[in-house]
Amino acid sequence: MNSSTPSPTGLKPAVPMLELLLRVREDMETRPVGPYRYIGMPDVDWVNCFKGGYRECLGVLGVDEGSDVLFGVWLRDVKLAWPGEGWEPAYLRECGGDQTRALRKYLDYVAEFRTLSPEDLSAISWRIPEDVQYATRAPQLMPTRAPQPTLDFLMEVRREIGDTEGRLGMFIGPITVRRMEGLIAGYRLCLGLVGARDEEYVRFERWLQDEKGVPAGQEWAQPFLTACQGDHEQAIRRLLGFAAEFRAA
């Protein structure tokens, strides 16, 4: 199914992750300062988890990004620019703590990768031979599966981590509410861009204000962090627990 074929789900074609990042980069080039489109103020930790949530949603929708899936491998093995500690802390340190410069450095690599033709990608000696098949793989951006609302995703996270301390790291790396906010924002944006309505999450946010003391106009992160005496993991688990309570109501 290509992007011109009607989707059985009635959704619009997905925006590939790298294409979305190029839109962010273009916005950063044209605006003197943030906030920027899609991401607000630059924050490499937030953006990295935002990418994770966005890609999780693409997977749920059955979208195939084609050769774009090679970007991470290319950044690590060809450009040697993905340190073991992760690009976000390494770039931020290299840029003296400047979030904008660190994010631009990453986005410049995205732009460089996107200039490579299928022939260029095929000519690379990939460490894993199977990666060659992706070099000429065309994207299939029309969703083939029905979307799952954000609370489904949060329930899956809750099931996966169970009661084991630290397992949240599987989804967000270093456990901070800011990174969790990015994960949720990425998932929700992906749903929005394909035209999926996620009104349940809006009702959940209103319920958090009405029933759980989140001040009107605020997100959950800071109030929950305060309630948990600064414990980020417990603040996130508080959110997940409330999501389960909301679903059960």
What are the two closest heavy atoms between [X] and [Y], and how far apart are they?
| X | Y | value |
| --- | --- | --- |
| Lys12 | Met142 | C-SD, 4.1 Å |
| Leu58 | Ala14 | CD2-CB, 3.7 Å |
| Met155 | Leu240 | CE-O, 3.7 Å |
| Leu183 | Ile172 | CD2-CG2, 3.9 Å |
| Leu22 | Ala111 | CD2-CA, 3.6 Å |
| Thr115 | Glu112 | OG1-O, 2.6 Å |

List the steps and the verdict of side chain to side chain contact (heavy atoms under 4.5 Å, CB included) for Glu65 and Arg55. CA-CA 10 Å; Glu65 295 183 275; Arg55 183 148 284 152; 2.9 Å; yes
As an exercise, state the distance from [atom1] of [X] to [atom2] of [Y], rounded to the nearest 0.5 Å.
| X | Y | atom1 | atom2 | answer |
| --- | --- | --- | --- | --- |
| Tyr91 | Trp82 | OH | CH2 | 8.0 Å |
| Asp163 | Arg158 | CG | CZ | 8.5 Å |
| Arg104 | Asp98 | CZ | CG | 11.5 Å |
| Asp198 | Thr150 | CG | OG1 | 3.5 Å |
| Leu239 | Phe224 | CG | CZ | 6.0 Å |
| Arg25 | Leu103 | CZ | CG | 11.0 Å |

Do other residues, nucleotides or ligands put more than 12 heavy atoms under 6.0 Å from the CD atom of Gln133?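 Buried by this count: over 12 neighbours within 6.0 Å.
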Please confirm whether the backbone N or O of [Y] pairs with a side-chain atom of [X], one donor and one acceptor, at under 3.5 Å?
| X | Y | result |
| --- | --- | --- |
| Tyr109 | Phe71 | no |
| Asp27 | Val24 | no |
| Arg238 | Leu225 | no |
| Gln148 | Phe153 | no |

Starting from the C-alpha separation in whole Å, work towards a yes-or-no answer on salt bridge (charged side-chain N to carboxylate O under 4.0 Å, His left out) for Glu200 and Arg247. CA-CA 10 Å; Glu200 182 189 36; Arg247 269 289 180 89; 2.6 Å; yes
Would you say that [X] contacts [Y] through its side chain, given a criterion of any heavy-atom pair below 4.5 Å between the two side chains?
| X | Y | answer |
| --- | --- | --- |
| Trp126 | Ile128 | no |
| Arg114 | Asp68 | yes |
| Thr136 | Ser67 | no |
| Tyr36 | Pro42 | yes |

I'd like to check the salt bridge (Lys or Arg N to Asp or Glu O under 4.0 Å) partners of Glu156; sequence neighbours left out, ordered by chain and number.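 Listed in chain order: Arg159.
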Residue of the set Val157, Thr176, Val177, Ile161 for which side-chain contact (heavy atoms from CB on, under 4.5 Å) holds with Ile236: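 Passing option: Val177.
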With Leu189, which of Ile184, Ile39, Leu20, Val194 fulfils side-chain contact (heavy atoms from CB on, under 4.5 Å)?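 Result for side-chain contact (heavy atoms from CB on, under 4.5 Å) with Leu189: Leu20.
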Using the side-chain hydrogen bond (donor to acceptor under 3.5 Å, both in side chains) rule, collect all pairs that involve residues 38-48, keeping only residues at least two apart or in two chains.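 Residue pairs with at least one partner in residues 38-48: Arg23-Tyr38, Asp43-Arg178, Asp45-Arg179, Asn48-Lys51, Asn48-Trp87, Asn48-Glu88.
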Determine, step by step, whether His232 and Met180 satisfy the side chain to side chain contact (heavy atoms under 4.5 Å, CB included) criterion, reporting the C-alpha distance in whole Å, the side-chain angles of both residues, the deciding distance to 0.1 Å, and the verdict. CA-CA 10 Å; His232 286 256; Met180 188 67 186; over 6 Å; no
Are [X] and [Y] linked, directly or through other ILVMFWY residues, by side chains that come within less than 4.5 angstrom of each other?
| X | Y | answer |
| --- | --- | --- |
| Val202 | Leu154 | no |
| Tyr134 | Leu141 | yes |
| Val63 | Leu191 | no |
| Tyr187 | Val15 | no |
| Tyr54 | Leu61 | yes |

Quiz: residues 205-221 side-chain donor-acceptor pairs under 3.5 angstrom, not counting sequence neighbours:
| unit_1 | atom_1 | unit_2 | atom_2 | d |
| --- | --- | --- | --- | --- |
| Lys212 | NZ | Glu245 | OE1 | 3.3 |
| Lys212 | NZ | Glu245 | OE2 | 2.9 |

Going through the distances and angles, do Leu168 and Glu233 end up as a side chain to side chain contact (heavy atoms under 4.5 Å, CB included)? CA-CA 8 Å; Leu168 268 167; Glu233 179 161 357; 3.8 Å; yes
Is the distance from the ring center of Phe113 to that of Tyr106 below 6.0 Å?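 Centroid separation for Phe113 and Tyr106: 6.0 Å or greater.
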Given Arg101 and Glu94, is the salt bridge (charged side-chain N to carboxylate O under 4.0 Å, His left out) satisfied, shown in steps? CA-CA 9 Å; Arg101 287 177 53 211; Glu94 179 183 329; over 6 Å; no
How far apart are the C-alpha atoms of Val73 and Arg127, what are their side-chain angles, what is the distance that settles it, and do they pass the side chain to side chain contact (heavy atoms under 4.5 Å, CB included) test? CA-CA 9 Å; Val73 181; Arg127 182 184 300 180; 6.0 Å; no
